[in-house]
Amino acid sequence: MREKYTRLSERLGYSAMPAALSALYTKVGAAYNLAMLGISEADVRENLERLVEIAASDSEIVFNPVLPRREHIRDILLESIRGSPFA
């Protein structure tokens with residue numbers, strides 16, 4: 001599947017899929033982190049353990065190919081404050 005997306009991004013003139021996705025998100029003005037949605041780092045950190053608990057107990061989590069441990073959920077939430085999925 002990854003090869004298919006790589007070929008597609010190259011045909012669209014991008015060096016790699018992350019560059020294509022970044023351009024698309026920028027073009028349509030879509031947020032890709034919590035800061036872009038107006039959620040502050042302080043709010044995330046203040047509510048981090050509650051957010052981890054909510055995410056870990058969500059019924060949809062069982063459909064993930066790999067069940068994340070709480071420390072992974074915590075890391076994902078912290079990275080999502082200002083991080084980019086395109087790196």
Side-chain angles (χ1 to χ4, degrees):
M1 183 65 93
R2 181 177 288 245
E3 293 170 11
K4 182 178 177 181
Y5 287 117
T6 299
R7 284 194 314 271
L8 174 62
S9 65
E10 288 170 352
R11 286 184 182 163
L12 293 172
Y14 296 97
S15 59
M17 182 53 69
L21 290 173
S22 179
L24 174 64
Y25 272 65
T26 300
K27 186 175 184 174
V28 300
Y32 53 81
N33 64 36
L34 297 176
M36 294 174 81
L37 293 171
I39 300 171
S40 73
E41 181 174 350
D43 284 341
V44 173
R45 290 189 182 279
E46 180 180 322
N47 296 288
L48 186 59
E49 294 311 311
R50 183 168 175 252
L51 292 168
V52 169
E53 181 61 35
I54 291 168
S57 64
D58 188 291
S59 63
E60 299 297 314
I61 203 166
V62 297
F63 297 108
N64 285 351
V66 176
L67 290 177
R69 297 191 320 230
R70 290 178 188 274
E71 53 268 19
H72 295 138
I73 295 170
R74 189 176 295 106
D75 291 345
I76 291 167
L77 287 167
L78 291 172
E79 176 63 27
S80 70
I81 296 168
R82 293 201 185 334
S84 171
F86 313 121

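- Tyr32 and Leu77 are members of different hydrophobic clusters when ILVMFWY side chains are connected at heavy-atom separations under 4.5 Å.
- In this structure, OG in Ser9 is found 12.0 Å from CG in Leu24, a value given to the nearest 0.5 Å.
- Rounding to the nearest 0.5 angstrom, the gap separating the NE2 atom in His72 from the CD atom in Glu79 is 14.0 Å.
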* I would like to know whether Arg45 and Leu78 meet side-chain contact (heavy atoms from CB on, under 4.5 Å); could you show each step before the answer? => CA-CA 8 Å; Arg45 290 189 182 279; Leu78 291 172; 3.5 Å; yes
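- Remark: side-chain polar atoms of Asn47 are not paired, donor with acceptor, to backbone N or O of Arg50 under 3.5 angstrom.
- Ile76 is not connected to Ile39 by any chain of hydrophobic side-chain contacts under 4.5 Å among Ile, Leu, Val, Met, Phe, Trp and Tyr, and they are in different clusters.
- Here the shortest heavy-atom pairing between Pro68 and Ile61 reads CG-CD1, 3.7 Å.
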Practice task
Please test Leu34 against Asp43 for side-chain contact (heavy atoms from CB on, under 4.5 Å), starting from the C-alpha separation and ending with a verdict.
Solution key: CA-CA 10 Å; Leu34 297 176; Asp43 284 341; over 6 Å; no
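- Glu10 contributes atom CD, which lies 9.5 Å from atom CE of Met17 (distance to the nearest 0.5 angstrom).
- Not a single donor-acceptor pair under 3.5 Å links the side chain of Ser22 to the backbone N or O of Ala19.
- Put simply, OH on Tyr14 and CG on Leu8 are 10.5 Å apart, with the number rounded to the nearest 0.5 Å.
- Hydrophobic clustering, with ILVMFWY side chains joined whenever heavy atoms are under 4.5 angstrom apart, groups Ile81 together with Leu37.
- For the pair Ala30 and Met36, the tightest heavy-atom approach, listed with the atom from each and the gap, is O-CE, 3.9 Å.
- Rounding to the nearest 0.5 Å places CZ of Arg74 at 10.5 Å from CD of Glu53.
- Distance check, rounded to the nearest 0.5 Å: CZ of Phe63 to CG of Asp58 gives 10.0 Å.
- Listed here is the closest heavy atom pair of Ile73 and Ala55: CG2-CB, 3.7 Å.
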